[in-house]
Amino acid sequence: MGSTPLKVAVWGTGGIGSISIHTIHERPDLDLVGVWVYTDAKVGRDAGELANGTPIGLAATNDVDAILALQPDCVVYAAMGPEREAGVVPDYVRILEAGVNVVSTTSTSAIYPPNYDADHHARVSAAAKVGGVSFYASGIEPGFAADQLPVLLATQSGVVSRVYATEMALYDDYPVEFIMKDGLGFGRPLDFEPGIATPGAIRASWAGPVRYIADSLGIELDDIAERFEMAATDETLEVACGTIPAGTCGAVRIQCVGIVGGNEAIIVEHVTRMGPKVAPEWPIGDFPITYRIEIDGEPGIRCEMGLTVDDVAEAGIAEMSSGAGAMVATAMRVVNAIPYVVAAESGFLGADDLPLTVPKTAYRPA
């Protein structure tokens, strides 16, 4: 981690990509050299304007070869969409084989490498070897709140009987309709079966944190169970993804549970609402997005974390939203990792392969 700024490109200008563009442009140890976009309408436009409305003098492109010709040290991959897992592997391979490190918020199942699809893992690992570089995926959840944080807290434990990690979130500002309505069931009748209720879907998304906690604590799991519930809203809600009619699903509760000897040893839970008054009987946090960690044992541990944004300009986002803090935290989990990933031995990296990815140039006087 020398004094010469690392050259970085950002892949995508959605929420996470936009925050990354702003932060990288502001950081003295990072040099934003390129921004790749999907749509022709964004090509040639100022990347800063696309991100949060503030020009930075860098035109976006959809030419992959042009991005790679810049010889960036690292790409922040922040693509979204229905093919966010298998569909992005060819991009990873191409970038890595070109000798460019990749940090990604896209492939959440890759955050704990042993949990990643075996074929995808092999292809990404081989490409990293060819390029002599590294791949690293992270985020806030999964990536920190329900996996890294519980394990960190457990360093205080003499006895651990159960780990219970919950995200309680208001997602009224999340605009992607096919994810919220077809994927999670919001706005649908309570007998509708969304994609997340398909057997294996919950494990695909959250078995990684359960397995990471189990492996870190030396626990051998007998099974990983899935639970899914829907709760109706009493009133019609107008949210970013559309209308949620009264009587339809306004909240979901998802659990991925690690079983040991018939006991629920590890629970990773998500309670997601379209309105703050829906399903009051379910866990509720003090913040629009709250993370709660409970470790039963000696000593008993309870930790709550809220993520807030006070200044949208400082955070690099276009407008305030209930999920703004979590979005910034998600982006920073990979942006802050860039110097550490570039300095690491080449390969497919997990969090345990890096030191704490503390930002060395982030301090600003209040």
Side-chain angles (χ1 to χ4, degrees), residues 1-13 16-17 19-37 47 58 61 63-79 84-85 87-113 116 120-139 143-144 148 330-362:
M1 300 183 200
S3 58
T4 302
L6 296 173
K7 296 194 295 182
V8 183
V10 174
W11 213 270
T13 56
I16 304 303
I19 294 166
S20 301
I21 288 167
H22 169 81
T23 302
I24 294 165
H25 179 67
E26 294 291 322
R27 289 274 176 93
D29 59 336
L30 303 174
D31 180 17
L32 182 68
V33 298
V35 173
W36 190 89
V37 291
L58 178 66
T61 181
D63 186 340
V64 176
D65 289 330
I67 292 289
L68 297 179
L70 297 169
Q71 297 183 313
D73 294 290
C74 189
V75 162
V76 175
Y77 199 98
R84 58 182 290 175
E85 289 292 348
V88 301
V89 173
D91 286 346
Y92 293 158
V93 169
R94 185 174 181 182
I95 298 166
L96 292 165
E97 287 185 343
V100 180
N101 296 278
V102 175
V103 294
S104 175
T105 59
T106 298
S107 300
T108 55
S109 65
I111 289 172
Y112 185 41
Y116 198 36
H120 299 167
H121 191 293
R123 292 173 63 190
V124 172
S125 296
K129 183 176 181 180
V130 168
V133 290
S134 293
F135 173 86
Y136 175 72
S138 192
F144 181 74
Q148 302 295 313
T330 296
M332 293 310 100
R333 285 290 293 166
V334 293
V335 170
N336 290 338
I338 290 170
Y340 301 90
V341 171
V342 172
E345 293 291 328
S346 62
F348 196 128
L349 304 177
D352 290 348
D353 298 311
L354 299 175
L356 289 176
T357 55
V358 180
K360 300 295 187 181
T361 59

Side chain to side chain contact (heavy atoms under 4.5 Å, CB included) for Val103 and Cys74? Distances and angles first, verdict last. CA-CA 7 Å; Val103 294; Cys74 189; 3.9 Å; yes

When you compare the side chain of [Y] with that of [X], does any pair of heavy atoms fall below 4.5 Å?
X	Y	answer
Arg333	Thr105	no
Lys7	Leu70	no
Ile21	Val35	yes
Trp11	Ile95	yes
Val100	Gln71	no
Ser138	Phe144	no
Glu97	Lys129	no
Leu6	Asp31	no

Could you tell me which non-hydrogen atom of [X] sits nearest to which non-hydrogen atom of [Y], and how far apart they are?
X	Y	answer
Ser104	Val334	O-CG1, 3.6 Å
Val33	Pro72	CG2-CB, 4.2 Å
Ala137	Ser107	CB-O, 3.8 Å
Pro113	His121	O-CD2, 3.3 Å
Thr106	Ala79	OG1-O, 2.8 Å
Gly143	Ile111	CA-CG2, 3.7 Å

I would like to know whether Leu349 and Leu354 meet side chain to side chain contact (heavy atoms under 4.5 Å, CB included); could you show each step before the answer? CA-CA 8 Å; Leu349 304 177; Leu354 299 175; 3.9 Å; yes

Would you please name every residue forming a side chain to side chain contact (heavy atoms under 4.5 Å, CB included) with Ala362, sequence neighbours left out? Arg27, Pro359

With side chain to side chain contact (heavy atoms under 4.5 Å, CB included) as the criterion, how do Val76 and Ile338 come out once you've worked through the C-alpha distance, each side chain's angles and the decisive distance to 0.1 Å? CA-CA 8 Å; Val76 175; Ile338 290 170; 3.7 Å; yes

Working to the nearest 0.5 angstrom, can you tell me the gap between Asn101 CG and Phe135 CZ?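 If we round to the nearest 0.5 Å, Asn101:CG and Phe135:CZ are 11.5 Å apart.
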
After noting the C-alpha distance and the side-chain angles of Val8 and Val75, does the key distance pass the side chain to side chain contact (heavy atoms under 4.5 Å, CB included) rule? CA-CA 6 Å; Val8 183; Val75 162; over 6 Å; no

Under 3.5 Å: donor-acceptor pair, side chain of Ser134, backbone of Glu345: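 Yes, because the side chain of Ser134 sits within donor-acceptor range (under 3.5 Å) of the backbone of Glu345.
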
Report the C-alpha distance between Asn336 and Thr357 in whole Å, list the side-chain angles of each, state the deciding distance to 0.1 Å, and finish with yes or no for side-chain hydrogen bond (donor to acceptor under 3.5 Å, both in side chains). CA-CA 6 Å; Asn336 290 338; Thr357 55; 5.9 Å; no

Between Tyr136 and Phe348, is the ring centroid distance below 6.0 Å?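 Not close enough - the centres of the two rings lie 6.0 Å or further apart.
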
Give me the ring orientation class for Tyr77 and Tyr92: parallel if the planes are under 30° apart, tilted from 30 to 60°, perpendicular past 60°.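 Perpendicular: the ring planes of Tyr77 and Tyr92 meet at over 60°.
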
